[in-house]
Engineer: 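Structure below; questions to follow.
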Amino acid sequence: MNDELAKEREIKIAKVERLRSLGIRPYPYRFERTHQTDKVIANFEKLSTEKTNIRISGRLVAKREHGKTIFGHLADGQGKIQIYLRQDFLGEKFRLLDLLDVGDHIGVQGEAFKTKTGEITILVKSFEFLAKALRPMPEKWHGLKDVETRYRSRHLDLIANPEVKKIFLIRTKIINLIRQFLNERGFVEVETPVLQPIYGGAAANPFQTFYNALDQKMFLRISDELYLKRLIVGGIDKVYEVGKDFRNEGLDRFHNPEFTQIEVYEAYADYNDVMRLVEELFKFIALNLFGKTEITFKDKNIDLGKPWLRLKFVDALKEKIGEDPLAHSIESLKKLGAKFGVDTEGVHSLGKMLDKFFSELIQKDIIEPTFVMDHPRITTPLAKTHRDNPDLVERFEPIIGGIELGNAFSEATDPIEQRKRFEEQIKLNEEYATLDEDFINALEYGMPPCGGLGLGIDRMVMLFTNTESIREVILFPQLRSPAAE
RNA sequence: GGGCCGUUAGCUCAGUUGGCAGAGCACCUGAUUUUUAAUCCGGUGGCCGCAGGUUCGAGUCCUGCACGGCCCA
């Protein structure tokens with residue numbers, strides 16, 4: 001800490017001590033509030049004509065001293081409101097305000113009135129210190145802009161930038177709406193293990209850990225899929241889970257190593273039913289957030305009220321490259337990649353290769369709500385083989401604004417085929433392919449036809465808040481630890 | 001992993017062909033009983049990200065590293 005900051009801190013600590021010496025607690029236990037700022041403003045007419053006694057608390061975010069009066073603003077969880085402190089009302093206690101700084105929490109008691117400029121204000125009759133801050137707040141006008149500091153010290157970001165808080169409130173609202181939507185349709189929310197002896201349900205590098213009591217290697221889940229399907233076998237036939245998944249992979253605008261996913265499984269349904277569910281869900285969220293189905297994302301207007309476009313994976317790719325992608329080997333795809341500017345460096349499996357072609361050549365240009373569907377079988381071991389084409393699976397990915405929002409299938413339910421499909425993945429050298437015997441065993445007890453869906457909550461929040469980086473919708477995004485000093 | 005950009009006071013930012021380290025906010029002192037980015041007087045505050053190099057002299061030029069951002073993969 002440098003001299004100036006240390007000095008400022010010393011001064012504030014001295015004020016804390018001064019308060020204590022006067023018999024005042026600088027960090028007391030509670031404050032009885034009668035209102036929050038938004039309620040005072042909303043009910044001003046009634047509160048002012050009835051001269052209601054108002055007790056309100058918050059952080060002092062501005063202090064304007066005029067000798068024997070002080071104006072300030074108090075910010076609480078709902079907004080902010082002006083306070084007006086006068087020596088003739090506060091008497092001796094007015095001098096204590098020398099010990100009050102911007103950044104401190106106080107509680108005040110008084111009445112609401114309007115100043116001559118028309119601002120709703122609390123005329124303070126008494127006040128209490130609730131917490132003294134020892135460090136200076138970010139700049140009052142420009143706020144806190146440095147993105148690194150914003151992510152590393154989110155508390156400061158939230159104090160200084162109200163629009164940031166708004167994004168996270170919308171995030172919570174979206175998650176609540178998803179739950180409401182599914183609960184109303186009879187889905188049951190469950191919790192399954194985050195700590196798993198064998199990972200599965202996706203193609204991703206897992207985080208590993210070790211459980212001492214069992215003397216056993218464990219993984220943080222990359223997906224909830226295989227556990228939720230066990231519940232479908234067990235008869236919880238409309239089920240979902242909201243939770244964190246962990247993937248030990250790169251970190252960029254669309255990826256955080258821990259991210260929030262919802263997975264939904266509905267027995268006796270197929271992927272066509274799931275598409276309708278997704279259409280209804282997005283419409284439901286938009287209507288409840290904004291009162292309309294149109295949203296703006298990256299300067300584009302997107303209407304979530306219409307049926308989504310259906311785009312077949314292989315057809316789209318065929319049109320783009322002029323030949324059937326399924327007729328190619330991994331080697332010939334590499335050559336084709338060079339021709340179309342698809343970088344295939346480090347891609348060792350056919351499934352990943354096809355995914356890569358699609359995401360680079362087609363996905364980024366999909367702006368309208370679209371279901372990319374019927375992927376090559378090889379890409380997706382947990383989806384049912386397509387009823388009309390054995391080379392494809394019944395799968396779709398919802399895409400809006402170039403962002404892949406999730407993944408859904410008619411779930412594979414045939415235990416014999418499921419085993420073969422897992423083995424096929426392992427043989428094809430698909431990275432991180434596993435064979436979960438216990439899961440296959442569960443399937444052998446009979447899993448009904450089932451539609452399944454996973455949605456990336458963080459990316460959905462990006463869409464609905466028109467935000468371009470996943471770090472803006474995750475409170476504490478992963479960053480590299482700064483060098484030790 | 002590669003390319004480009006950024007890192008200067010607690011915060012927001014300037015900093016000229018390489019020549020004394022700057023402003024606003026915040027903080028401290030004083031004035032001020034309807035201000036609201038309050039105003040006015042006077043002050044304090046720097047490991048210029050880190051480590052090397054070039055130079056009489058480096059915030060500035062060069063190299064490496066760290067962290068971050070964007071793009072590419």
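So that the names make sense, note that chain A is the first sequence line, chain B the second, and so on, each numbered from 1.
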Engineer: Of all the choices, B/C67, B/U33, B/A37, which nucleotide is nearest to the side chain of A/Trp141 once you look at every atom?
Structural biologist: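 It is B/A37.
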
Engineer: Between B/C65 and B/A9, how far apart are the two P atoms, rounded to whole Å?
Structural biologist: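 Nearest-Å result for B/C65 against B/A9 at atom P: 25 Å.
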
Engineer: What are the atom names and distances for every N/O pair under 3.5 Å that joins the protein to nucleotides 3-8 of chain B?
Structural biologist:
none

Engineer: If I pick the P atom on B/G22 and the same atom on B/G59, what distance separates them, to the nearest angstrom?
Structural biologist: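 Approximately 13 Å lies between the P atom of B/G59 and that of B/G22.
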
Engineer: Looking at every non-hydrogen atom in both residues, tell me the closest pair between A/Leu220 and A/Leu195 and how far apart they are.
Structural biologist: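 For A/Leu220 versus A/Leu195, the nearest heavy atoms are CD2-CD1, 3.8 Å.
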
Engineer: If I pick the P atom on B/U8 and the same atom on B/U12, what distance separates them, to the nearest angstrom?
Structural biologist: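 Their P atoms lie roughly 9 Å apart.
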
Engineer: Does atom CZ of A/Arg310 have more than 12 heavy-atom neighbours from other groups under 6.0 Å away?
Structural biologist: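 Enclosed.
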
Engineer: Reckon A/Arg253 has a side-chain N or O less than 4.0 Å from the OP1 or OP2 of B/C71?
Structural biologist: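 So the side chain of A/Arg253 is within the cut-off, an N or O lying under 4.0 Å from OP1 or OP2 of B/C71.
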
Engineer: With heavy atoms under 4.0 Å as the rule, sort A/Asp98 into base, sugar-phosphate or nothing.
Structural biologist: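 If one applies the 4.0 Å heavy-atom cut-off, A/Asp98 turns out to touch nothing in the nucleic acid.
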
Engineer: A/Lys140 side chain N/O closer than 4.0 Å to the phosphate oxygens (OP1, OP2) of B/A26?
Structural biologist: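 A/Lys140 to B/A26 OP1/OP2: side-chain N or O found under 4.0 Å.
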
Engineer: If I pick the C1' atom on B/U32 and the same atom on B/C70, what distance separates them, to the nearest angstrom?
Structural biologist: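 To the nearest whole Å, 49 Å.
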
Engineer: Could you tell me how the ring of A/Phe207 sits relative to the ring of A/Phe246: parallel (under 30°), tilted (30 to 60°) or perpendicular (over 60°)?
Structural biologist: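 Because their plane-to-plane angle is over 60°, the rings of A/Phe207 and A/Phe246 count as perpendicular.
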
Engineer: With a cut-off of under 6.0 Å to the ring centre and 45° to the axis, is A/Lys132 in cation-pi contact with A/Tyr27?
Structural biologist: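 So A/Lys132 doesn't make the cation-pi contact.
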
Engineer: If the P atom of B/A58 is compared with that of B/C50, how far apart are they to the nearest Å?
Structural biologist: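 Here B/A58 and B/C50 have their P atoms 15 Å from each other.
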
Engineer: Return yes if a side-chain donor-acceptor contact under 3.5 Å exists between A/Tyr199 and A/Gln208, otherwise no.
Structural biologist: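 A/Tyr199 vs A/Gln208: no donor-acceptor pair found between side chains.
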
Engineer: Roughly how many Å apart are B/G19 and B/G57, using the P atom of each and rounding to a whole number?
Structural biologist: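 Between the two P atoms, the distance is 14 Å.
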
Engineer: With a 4.0 Å limit, can you tell me whether A/Arg152 has a side-chain N or O closer than that to the phosphate oxygens OP1/OP2 of B/C67?
Structural biologist: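 It does not, given that no N or O in the side chain of A/Arg152 lies less than 4.0 Å from OP1 or OP2 of B/C67.
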
Engineer: C1' atom, B/C28 versus B/C71: distance in rounded Å?
Structural biologist: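 About 46 Å, rounded to a whole number of Å.
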
Engineer: Report yes if a side-chain nitrogen or oxygen of A/Arg471 is closer than 4.0 Å to either non-bridging phosphate oxygen (OP1 or OP2) of B/C70; otherwise report no.
Structural biologist: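 So the side chain of A/Arg471 is within the cut-off, an N or O lying under 4.0 Å from OP1 or OP2 of B/C70.
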
Engineer: Using atom CZ of A/Arg135 as one end and atom C1' of B/A9 as the other, report the distance to the nearest whole Å.
Structural biologist: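 Roughly 16 Å, once rounded to whole Å.
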
Engineer: Closest approach to the side chain of A/Arg480, judged atom by atom: which nucleotide of B/U35, B/U33, B/A66 is it?
Structural biologist: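 Closest of the options to the side chain of A/Arg480: B/A66.
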
Engineer: Taking B/C20 as the reference, what is the distance to B/C41 when you measure between their P atoms (whole Å, please)?
Structural biologist: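 Comparing P positions in B/C41 and B/C20 gives a spacing of 28 Å.
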
